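Beneath this line is the structure, given in structure tokens, with notes to follow.
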There are 2 protein chains.
Amino acid sequence: MSARSGSQAGSRAAPEADACALSNDLGWALGVVFRCYLKASQDALADLPGGPRGFQVLAAAARDQHGSQLALAHRLGVDRTVMTYLLDDLEAAGLIERRPDPADRRARRILATARGCEALADAGQRLRAAEEQVLSCLDGEEDRGRFRSLLRRLALHASVADPVRGACDTAAEAIGTDPAGGPVLPC
Amino acid sequence: MSARSGSQAGSRAAPEADACALSNDLGWALGVVFRCYLKASQDALADLPGGPRGFQVLAAAARDQHGSQLALAHRLGVDRTVMTYLLDDLEAAGLIERRPDPADRRARRILATARGCEALADAGQRLRAAEEQVLSCLDGEEDRGRFRSLLRRLALHASVADPVRGACDTAAEAIGTDPAGGPVLPC
DNA sequence: TATTGTTATACTCTATAACTATA
DNA sequence: TATAGTTATAGAGTATAACAATA
């Protein structure tokens with residue numbers, strides 16, 4: 001505790017000593033929070049095919065009906081081969097449907113079924129509860145909202161900045177919209 | 001559904017989808033930011049054995065000299081078998097040393113070598129630059145600091161709440177300390 | 001020729017199990 | 001018997017490559 005003895009601290013890599021504390025490492029903190037969220041959301045969505053990722057696919061499918069498989073994959077930043085497996089599982093569970101696109105017979109339009117929309121609403125509630133649990137140590141709506149807002153800005157920025165990874169369309173589009181209230185969607 | 005609003009954004013995706021918009025999904029945002037950070041830090045630390053994770057190990061080794069391999073693994077929340085591989089690489093590069101613990105001949109004490117400390121300082125600079133780049137879209141020190149602080153609180157909380165995953169010792173210890181000035185360590 | 005979607009394959013990361021040497 | 005560390009192996013997740021159908 002009298003580690004302050006580092007007053008001269010000259011012995012080694014000194015000046016930013018506390019800068020190397022684990023909790024000040026952005027990577028460590030991000031990793032911990034990310035894994036924590038992952039675990040919480042996996043527990044919350046254990047029954048949903050594909051887990052948290054399946055949820056995102058289902059949500060995206062319900063949001064923008066008529067999107068192709070590839071567009072969906074780009075939006076979520078997953079490989080198109082992974083999307084095939086995810087959709088296989090969701091379709092087997094009767095939550096989404098693949099329909100041939102009359103305009104381009106190579107493509108399939110992804111639609112959420114009525115059952116899928118139900119499952120989505122149900123899973124969404126559980127997911128929100130899990131999120132609140134993860135954020136529970138931030139007191140009050142104020143800090144939680146602030147964190148969400150800052151994180152959102154970072155994510156949108158990152159998506160736009162990384163054209164390779166996809167999702168940039170969505171991000172670019174969303175970046176110009178109202179963060180908070182926003183209009184409601186056809187889900 | 002989305003077709004009806006084609007009025008202004010004639011080209012493509014539905015402009016009004018917002019409440020269930022991707023960017024409001026905490027999991028999506030966390031994933032994007034996490035992967036973005038991962039990529040940035042991997043690029044920045046490409047020459048360091050083990051990449052970002054190797055950096056954390058090296059930093060931890062330099063911080064608390066004399067820690068055992070297992071203690072180190074717990075601290076960082078990685079499996080002890082993974083720690084073996086990481087340390088193999090770091091030792092092969094001459095950045096850390098494994099010394100038999102005179103008090104317990106089963107254990108090895110992990111020490112950062114002088115060269116390891118140099119590499120750590122050097123890599124730390126590059127990592128900080130990468131972090132700033134990731135956070136660059138938050139204007140000013142104020143927002144960046146706020147985000148770091150909120151994230152740090154979440155991470156410490158998550159670490160403590162998850163005794164299985166380890167790292168709780170560090171977290172519990174750090175949680176009682178001053179976030180900013182903090183205790184200084186022997187790095 | 002280029003693109004959508006599928007399949008098979010390979011690779012990376014991580015976790016599990018078995019082993020040793022100590023305690 | 002239990003623990004620290006190592007090694008080998010198996011598993012999840014992801015990416016790569018090749019293919020069929022279509023543009």
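Order of the sequence lines fixes the chain letters, A, B, ..., with proteins taken first and strands second; residue numbering starts at 1 for each chain. Please read these numbers as outputs of a predicted model, since none were measured by experiment.
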Side-chain contact, heavy-atom cut-off 4.5 Å: A:I96 with A:L87?
yes
Write down the distance between CG (B:D89) and P (D:dT7), rounded to a whole number of angstrom.
12 Å
Whole angstrom value for the distance that separates P of C:dA17 from CG of B:D79:
12 Å
Respond yes when some side-chain nitrogen or oxygen of A:R98 is under 4.0 Å from OP1 or OP2 of C:dT6, and no when none is.
yes
salt_bridge(B:D101, B:R105) N-O dist < 4.0 Å
no
Quick one: is A:T84 getting a side-chain N or O under 4.0 Å of the C:dG5 phosphate, OP1 or OP2?
no
Using a 4.0 Å cut-off on protein heavy atoms (strictly under), produce a 5'-to-3' string for nucleotides 18-23 of chain C with B for base contact, S for backbone-only sugar-phosphate contact, and - for none.
B--BBS
Distance check needed: D:dG5 P versus B:R99 CZ, whole Å only.
16 Å
Using a strict 4.0 Å threshold on nitrogen-to-oxygen distance, state whether B:D143 and A:R153 make a salt bridge.
yes
Under-4.0 Å salt bridge between A:R128 and A:E132
no
A:R53 side-chain proximity, nearest of D:dG5, C:dT7, D:dT14:
D:dT14
Figure out the CG/P separation between A:L76 and D:dA15, and round it to whole Å.
13 Å
C:dA15 OP1/OP2 closer than 4.0 Å to side-chain N/O of B:T81:
no
For the pair made of CE in B:M83 and P in D:dG5, what is the distance, rounded to whole Å?
10 Å
Taking 4.0 angstrom as the limit, do A:D43 and A:K39 come out as a salt bridge?
yes
How many whole angstroms separate atom CG of B:L86 from atom P of C:dA15?
12 Å
What is the distance, to the nearest angstrom, from the CG atom on A:L70 to the P atom on C:dA2?
17 Å
Closer to the 5' end of DNA chain C via nearest nucleotide, is it A:A107 or A:Y85?
A:A107
Side-chain contact test, heavy atoms from C-beta onward, threshold under 4.5 Å: evaluate it for B:M83 versus B:L70 and give yes or no.
no
Thinking salt bridges, do B:R98 and B:D88 make one under a 4.0 Å N-O criterion?
yes
Provide, to the nearest angstrom, the distance between the CG atom belonging to A:L72 and the P atom belonging to C:dT3.
20 Å
